[in-house]
Amino acid sequence: MTQLALVIDLNVCVGCHACVTNCKEWNTSGPAGPMVDQNPYDKNPTGTFFNRVQTFEVGEFPNTETVHFPKSCLHCEDPPCVPVCPTGASYKRKEDGIVLVDYDKCIGCKYCSWACPYGAREFDEAQKIMKKCTLCVDRIYDKSMTEEERRPACVRACPTSARLFGDIHDPESEVSRAIREAGGYPLMPEWGTSPANHYLPRRKIKLRIRHDEIERADNPLKIDGLLPKPDKAEPALDDVTSW
Amino acid sequence: MPAVEEIKKTTCYMCACRCGIRVHLRDGEVRYIDGNPDHPLNKGVICAKGSSGIMKQYSPARLTKPLRRKADAERGAGQFEPISWEEAFSTLAERLGRIRATDPKKFALFTGRDQMQALTGLFARQFGTPNYAAHGGFCSVNMAAGMIYTIGGSFWEFGGPDLDRAKLFVMIGTAEDHHSNPLKMAIAKFKRDGGRFVSINPVRTGYSAIADEWVPIRPGTDGALLLAFLHEIIAKGLYDRDFLVRYTNAGQLVNADEKSDEFGMFLRTEVPEEEACYDPQDKLWWDRNTNTSVVTHKPGADPFLLGKFDLHGVPVKPSFQLLKERVAQYSPEWAEGVTGVPADTIRRLAYEMGVTARDQRIELPIAWTDSWGNEHDTVTGNPVAFHAMRGLAAHSNGFQTIRALGILMSLLGTIDRPGGFRHKAPFPRPIPPCARPPNHPQAVQPNRPLDGMALGWPADPDDLFVDENGGPVRLDKGFSWEYPLSVHGLMHNAITNAWRGDPYRIDTLLIFMANMAWNSTMNTVEVRKMLNDKDEQGEYKIPFIVVADAFQSEMTAFADLILPDTTYLERHDVMSILDRPISEFDGPVDSVRIPVVPPTGECKPFQEVLIELGSRLKLPAFVTKEGQRKYRDYPDFIVNYETEPGSGIGFLSGWRGKGGEKHLRGEPNPAQWEMYAKNDCVFHYELPKSYQYMRNWNKGYLEWSQRNRITRYAEPILIHLYSEVLQKFRTAAQGKGYTRKPPAHLAKRVETYFDPLPFYYDTLEGQATDKHKYPLAAITQRPMAMYHSWDSQNAWLRQIHAHNLLYVNTHTARVNGIEDGDWIWVESQWGKVKCMAKHSEAVEPGTVWTWNAIGKAAGAWNLAPDANESQLGFLLNHLISEELPTSDQGGDRRVSNSDPITGQAAWFDVRVRISKVSDGDTPPEAQRTEPQFEPLKPYPGQAQRKSVWNFFAGAKK
Amino acid sequence: MKPAFSVIFLTTLIGAGQGLFLALFTAESYAAFGLLSPQPTSFYALGSACALLFLAGGLVASFFHLGRPERAWRAAAQWRTSWLSREVIVLPAFMGTVFLYGAAHGLGVNPALARLPSGAPINLTAVLGAAGTLLAFALYVCTGMVYACLRFLREWHTPLTVINYILLGGASGFAFAALFSAWALPGLTRFYAGWALAIAFIAMVGRVAALVRNARLKPKSTLQSALGIKHPRIVQKAQGAMGGSFNTREFFHGQPDALLSMVKWFFLAFAFIVPMALLSVATVSEAPAPSLTAAFIIQFAGLLAERWFFFAQASHPQNLYYQSVA
Ligand SMILES: Nc1nc2c(c(=O)[nH]1)N[C@H]1C(S)=C(S)[C@@H](COP(=O)(O)OP(=O)(O)OC[C@H]3O[C@@H](n4cnc5c(=O)[nH]c(N)nc54)[C@H](O)[C@@H]3O)O[C@H]1N2
Ligand SMILES: Nc1nc2c(c(=O)[nH]1)N[C@H]1C(S)=C(S)[C@@H](COP(=O)(O)OP(=O)(O)OC[C@H]3O[C@@H](n4cnc5c(=O)[nH]c(N)nc54)[C@H](O)[C@@H]3O)O[C@H]1N2
Ligand code: SF4
Ligand code: SF4
Ligand code: SF4
Ligand code: SF4
Ligand code: SF4
Ligand SMILES: [Mo]
């Protein structure tokens, strides 16, 4: 069975928000749209987005890590948001594991958002229905697009390719390999929701330079060093020995 | 009816990176903008800003009509009435015509973050005014000058790190960069390939966040760190000797006779000097094999890099010896005290660089020939790459710091080699590049074009643009003794100087695409007053201000005449190699914009405005011999304009020649635009592999570049470890030699800072500050999702950055009794602001910082007067002075708060103290930042602000 | 969580309605077994009408919670998995039953439908009452389970949630019954006041038990598990939306801790202590109506506060991602 998902590489995400606005841009004029913006030019502008990037500081100066953390719906394999929905508007597709909202059925009770531990759903205050990341289901199967385009908008936009997309149930897929090789992990595993999206942790590259590597026999200083060439007039053994 | 969807390609301008984009339209409305996968720059990716282009296109901040200040309204009050373009043009043509016929320098044209300096520069020169500059001087001119005067190329838009092949990458003082998307792509790939990434920065955000090691440093002290690296690298012999010998002036002999007028100059052979602007190969080495002096690069010779020699009685030393002596004092322990970086870390990093460069050498099977005719089977490289930007540049000691960086990169042997620094066409260029600024006041004449380029590269004091008394000719005092190498001008002083009438009064100030009443000015509160200030007769001290902008910026409020520009989606544009290039390492690139939607309202591309004005004013480049208008419009100009009749060089280098069969040079091609349109709006010339590296000394490349008129000469460009150019200024300041001499009050300054070898000095503001009173350095960083001031109108981006806070190291804050979220005062010697503090562990304890240009004046950008940007956001610029007192120069003389060599604006030098706002000062209604300004109101022609927006492209209205 | 007034009124009003119905049928059952003298049918009819009013009030309130009330009917679709859907089905079923029960009494249509082996008749109202009782409990369970089933809202995820919905609803329903009888059938006042007192007491025990339990809860999710980063010190610096978002509005009560604790003491006093005292007074008083009126009103106010607190106290793990604006 297929389970499509995003794998987000925290090792390279620079927190640029490209995935945030490109997602908004793609979706607001698509099936999920319009996605409202309230107070767009007033105090406290706010709107519906499917994807947000947050920033955390880990540790204390000077051993601080700044972590940029993108988050959208994780398309849980056992999504708690689905069974609670009274209307069936929230559902998980059998064929590819995408969790979707049927905007025509949703009554806007917000109950599914309460049931999502990740805060991945956003209520559209204008249309009064629940919305969330669709994994760009309207792109990835669109045969009128080229193969390169048949990927989620956020994935295509991401300048650091920190966002990988694929089938985590296919062990040979790029995402499965990334999870395996880079230690990909799910969020809040304690709830057994089995999020399909995974995160790849920071990895550190260190250089170890051994002391004896620093200076070498062919050290250029020796060439120019004018290594002490004693004056011919200086005393030498030649002057004092008689063997 | 089904919606009509179409895709058009053009070039992004949500920032100056210039990515290729595809604009998807639905029933003519912008539906989606994505990266163009076929574009060499961004290869399909796009950033947060680029993805929000829709919200810029349909923003209510847009200006849609030419506007004139109401006769009875004060400047700055933002009261305008619409006029016709004809009225605007005739007003301008009449006024400018009068100025040009009398004293052209009374017209000043300054442009900000634009990408059409080729055209604006041409217009200014044709007009005949010396008072032209773009953003470079307040941006990063130290980077350009510091490196170009050292290696003939530089970071910024002229070269960059080859992360494809580097193993170690050291990034210094960079938050976002111009090359934003490509740099992000490259860093990510570099990390995936297992490269090690070190970031040197007082703050850890963005790129630094994903660095393998963060090296927090005190602002303004990188010079000390780099010099300590040099100290260690030389002490341990970790430099690439072969590279230094062949490709730098390390072995060239310098006169060490302090008593001589020639002290500090290279010794030369008697070869008569040709009148040309390159660095002739007439210098001497001390050959190890023969133990005598020889002409450099003599076959079979190998110079001593160290030592002291006697040349017919003249004591001489190789440059490298002088460098070694210079850095001897800069030990890691010394640098620790200055920078805050532990000496052990400094040593370790120096060894990492040196050992990686030496032991991980790259060898590519690419044959090439050097300038001396030696054939090489391979191109080799030492895989240590650096990148640096404004963290180095925007300090008043930045030039020398950047020289130190250029020298470090050269010692490691990483210039234009794989895995190191790589040039981008048209660089490398001679040191310094050929264009010289005019050097006498007579260059400015009524009704005549300026005699020379307004901006150029002085090679010695005789190239300065000064009058008989050594006083400045330019309004901004560029190329004067105060800032001799101000190769990009000093736009940040233009308004203050014009207001004070020092050096003189002007009549008309035309500002294009710069927000000089806000974020690109220092001392904002006072500068806003100057814009509005009147003399005793009740006349404005700056009589007429014209602003060409697309949006209701803070600057527009001070205009007498506003010219509404189009957006990037509405106009033709070229990203010319004559301007800031977008070239790749492997060859020149230029690109165009082609309108994808019609202009909004009465907006007119500023390009068209210039061509119209140029034609009306009969500037020679824009009219025929008979005085008739020469170009129908801007696209026509682009196709047909040649730098000189028949030169075959125009703004665009692709598809030239009658049928588009030629590149770089060739006759005008009437179908050039169509050909760009068919080719993703971009032209990319890929050099043969053998021309892609070692270009300073690559015979094939240099000759190719000469053939294509990219350079005038094909002489090798040796790296200046030791800068004789700087020494010439110093010599003049010491009263020696035959060139012009500085006025007495500036002699000491020039002598001090024009050191031919890099040295460390505290920033000018640091020197003028009691650091016990102002213990903290205050800096800004660019947010990746916001471009300077112009994205606060963007409904999506402003949700990400609605306001800014001051980030303070948690410990520092607590010591000052400041908790997270507290309201605080931030005070410098020059001003104070009120804002909110935010604790952070990702900032060096002696530094506070905030995001750049998020704070706005109330009502500007058509935001509600109570919007977060103005009520919670603040502008750090209020704390930064555009001038510094110079007590040592007598009286109340003031100099620009800039690098004394280049005039680079010293944004990041300001020192502050912070204190908690006492509770009594903050009743709930006072929970807003200060200073505040009278709210602006929308102008005629601006769209109503929506309070709820359900944007859906192509929705039937 | 951010307490929504629609839901506060929904749950408190229908809780009281259900309790009132249970009180009515308790009296009828007592009477059937001869433990009480039979009551006039008008008492049941009027009482049912009151219960319906409460229920209808709750129903109306619930519509305010829906973004798209015109589609409310769709909410019945997922009874297999969704407690909310079940609640949506059971509530009208219960209301219908209450209506029929009241109507049967009001119209005096009460035929014996069957006989027990003992020969005692099983009347229509007894059948409707029993069905209503079952549905009332089912509805309590549904309502409670709507919250109790959300396992990461750990303050709610306990049997105590369901038990307390039953007890609190029951207490207010019986308190109202006492007040109602003081006005309509004084003979039953003491009976109901006694019940109400007892239920209020048990409810208090249940609610305090829940408070004690919740006070001891250790969050299962932490910033560490939310981000997958193992470091003791993680601080959020930006949440990606400075003007706020759905996530900052829906899941935070936005009140200082002090207010929360004030509300807690308020509801302990108003939902339990004061009404219990007033009910005790009523059981001995000659003119219990004033104290019963006060008891019900005060208790209802207490229950509104309790429900506000119930929502506010629940800390949603998503809040881990939303701790700092800039
Ligand atoms: N404190 C502090 N100050 C700084 C800096 C810093 O780091 N710290 N950085 C400095 C640097 S490096 C720079 S480059 C400057 C930048 O400063 P500016 O060059 O002033 O840049 P912007 O604020 O973006 O303003 C440019 C203007 O261009 C307008 N504009 C946008 N698009 C168009 C268009 O298509 N046509 C026209 N005609 N106008 C348009 C905008 O509305 C805006 O008014 O700021 C400098 N100021
Ligand atoms: N998104 C976005 N992109 C932009 C722009 C924008 O406004 N928004 N502006 C464009 C422009 S005009 C420019 S000039 C470029 C600038 O590109 P950058 O130079 O990358 O921009 P800044 O944010 O000014 O970077 C300054 C960095 O230097 C650090 N720094 C400050 N002082 C010191 C110091 O003394 N030593 C060291 N080592 N570091 C220091 C700061 O912490 C910060 O990280 O970006 C361009 N790209
Ligand atoms: S992340 Fe939340 S909304 Fe998405 S599937 Fe999981 S529980 Fe549902
Ligand atoms: S808000 Fe919509 S999707 Fe969510 S539970 Fe209610 S009906 Fe289902
Ligand atoms: S997959 Fe599509 S909908 Fe989901 S976050 Fe990415 S762009 Fe948005
Ligand atoms: S686009 Fe990529 S790098 Fe940028 S914030 Fe999103 S995931 Fe991170
Ligand atoms: S970096 Fe972003 S804003 Fe700048 S040109 Fe590229 S896509 Fe446009
Ligand atoms: Mo800049």
Side-chain angles (χ1 to χ4, degrees), chain A residues 11-18 20-22 24-26 28-29 33-47 55 57 59-62 64-68 126 148 153 156-162 202 204-207 209 213-216 219-226, chain B residues 26 31-34 37 44-48 51-52 54 60 181 184-185 188 191 194-196 204-207 209-210 212 216 236-237 239 241 304-307 351-352 355 784-785 795-796 798-800 802 809 840-842 845 862-864 866-868 945-953:
Chain A
N11 194 40
V12 293
C13 171
V14 293
C16 72
H17 292 263
V20 175
T21 57
N22 204 271
K24 171 93 176 190
E25 177 194 39
W26 173 252
T28 191
S29 293
M35 288 159 68
V36 71
D37 292 298
Q38 296 167 287
N39 316 329
Y41 306 103
D42 295 325
K43 189 176 174 173
N44 293 337
T46 180
T55 305
E57 283 178 9
E60 272 169 55
F61 182 85
T64 318
E65 293 284 332
T66 303
V67 177
H68 300 293
E148 186 275 333
R156 291 184 70 236
C158 176
T160 64
S161 45
R202 283 276 166 81
K204 293 271 174 209
I205 304 287
K206 288 216 167 85
L207 251 180
I209 302 224
E213 284 173 322
I214 295 169
E215 293 191 53
R216 275 216 324 217
N219 193 323
L221 280 172
K222 292 198 180 150
I223 302 175
D224 292 298
L226 307 170
Chain B
R26 184 188 286 154
R31 182 256 181 269
Y32 184 54
I33 301 176
D34 58 353
V45 311
I46 192 166
C47 78
S51 302
S52 305
I54 298 173
N181 274 336
K184 291 183 185 84
M185 293 156 71
K191 284 198 52 143
R196 173 164 157 82
R204 185 168 207 177
T205 58
Y207 303 149
I210 62 168
D212 295 300
K236 290 289 185 289
Y239 52 89
R241 186 180 188 282
F304 275 112
L305 296 188
L306 296 173
Y351 301 158
E352 284 190 16
V355 172
M784 292 184 180
W796 295 341
R798 74 180 285 257
Q799 293 185 50
I800 299 170
N809 179 289
S840 170
E841 296 293 332
N862 207 355
L863 296 179
D866 65 348
N868 308 45
R945 294 194 288 269
K946 294 187 172 64
S947 61
V948 174
W949 200 0
N950 289 296
F951 179 79
F952 190 93

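Numbers restart at 1 for each chain; the letters A, B, ... are given by sequence-line order, proteins then strands. Computed over heavy atoms, backbone and side chain alike; hydrogens, waters and symmetry mates excluded.
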Work out which heavy atom in [X] is nearest to a heavy atom in [Y]; give both atom names and the distance.
| X | Y | result |
| --- | --- | --- |
| E57(A) | S840(B) | OE2-OG, 2.6 Å |
| H68(A) | G206(B) | NE2-N, 3.4 Å |
| I54(B) | E25(A) | CD1-CG, 3.5 Å |
| N22(A) | S51(B) | ND2-OG, 2.8 Å |
| I205(A) | R196(B) | O-NH1, 2.9 Å |
| H17(A) | A785(B) | CB-CB, 4.2 Å |

Would you find a donor on one side and an acceptor on the other, under 3.5 Å apart, between the side chain of [X] and the backbone of [Y]?
| X | Y | value |
| --- | --- | --- |
| N219(A) | K236(B) | yes |
| N868(B) | N44(A) | yes |
| R156(A) | G44(B) | no |

Winner by heavy-atom pair count (cut-off under 4.5 Å) against chain B, out of [options]:
| options | value |
| --- | --- |
| K24(A), E148(A), M35(A), E215(A) | K24(A) |
| T160(A), V67(A), T46(A), I214(A) | I214(A) |
| P220(A), S161(A), G59(A) | P220(A) |
| R216(A), E213(A), R202(A) | R216(A) |

ask   = Between L305(B) and I223(A), is any pair of side-chain heavy atoms under 4.5 Å apart?
value = no

Test side-chain contact (heavy atoms from CB on, under 4.5 Å) applied to I210(B) and N11(A), step by step = CA-CA 6 Å; I210(B) 62 168; N11(A) 194 40; 5.7 Å; no

query = Quick one: side-chain hydrogen bond (donor to acceptor under 3.5 Å, both in side chains) partners of W949(B), sequence neighbours excluded?
reply =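 Expected list: none.
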
key: Residues forming a side-chain hydrogen bond (donor to acceptor under 3.5 Å, both in side chains) with R945(B), sequence neighbours excluded   =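 Here the qualifying residues are N862(B).
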
task = Could you please spell out the steps behind the side-chain contact (heavy atoms from CB on, under 4.5 Å) verdict for I209(A) and E352(B)?
result = CA-CA 7 Å; I209(A) 302 224; E352(B) 284 190 16; 4.2 Å; yes

Quick check on the interface: out of [options], who has the most heavy-atom pairs with chain A under 4.5 Å?
| options | result |
| --- | --- |
| M185(B), R204(B), K946(B), R26(B) | R204(B) |
| S52(B), A802(B), A795(B) | A795(B) |
| I33(B), D34(B), N809(B) | I33(B) |

query = What part of I46(B) lies closer than 4.5 angstrom to a heavy atom of chain A: side chain, backbone, both or neither?
reply =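 Contact with chain A is through both the backbone and side chain of I46(B).
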
task = Side chain from CB out, backbone as N, CA, C, O: work out which of these in S947(B) comes under 4.5 Å of a heavy atom of chain A, or both, or neither.
result =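 Both backbone and side chain.
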
query = With V45(B), which of C16(A), C158(A), P159(A) fulfils side chain to side chain contact (heavy atoms under 4.5 Å, CB included)?
reply =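 Testing each of C16(A), C158(A), P159(A) against V45(B), the sole residue satisfying side chain to side chain contact (heavy atoms under 4.5 Å, CB included) is P159(A).
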
request  = Kindly determine whether D212(B) and L207(A) satisfy side-chain contact (heavy atoms from CB on, under 4.5 Å), including the steps that lead there.
outcome  = CA-CA 10 Å; D212(B) 295 300; L207(A) 251 180; over 6 Å; no

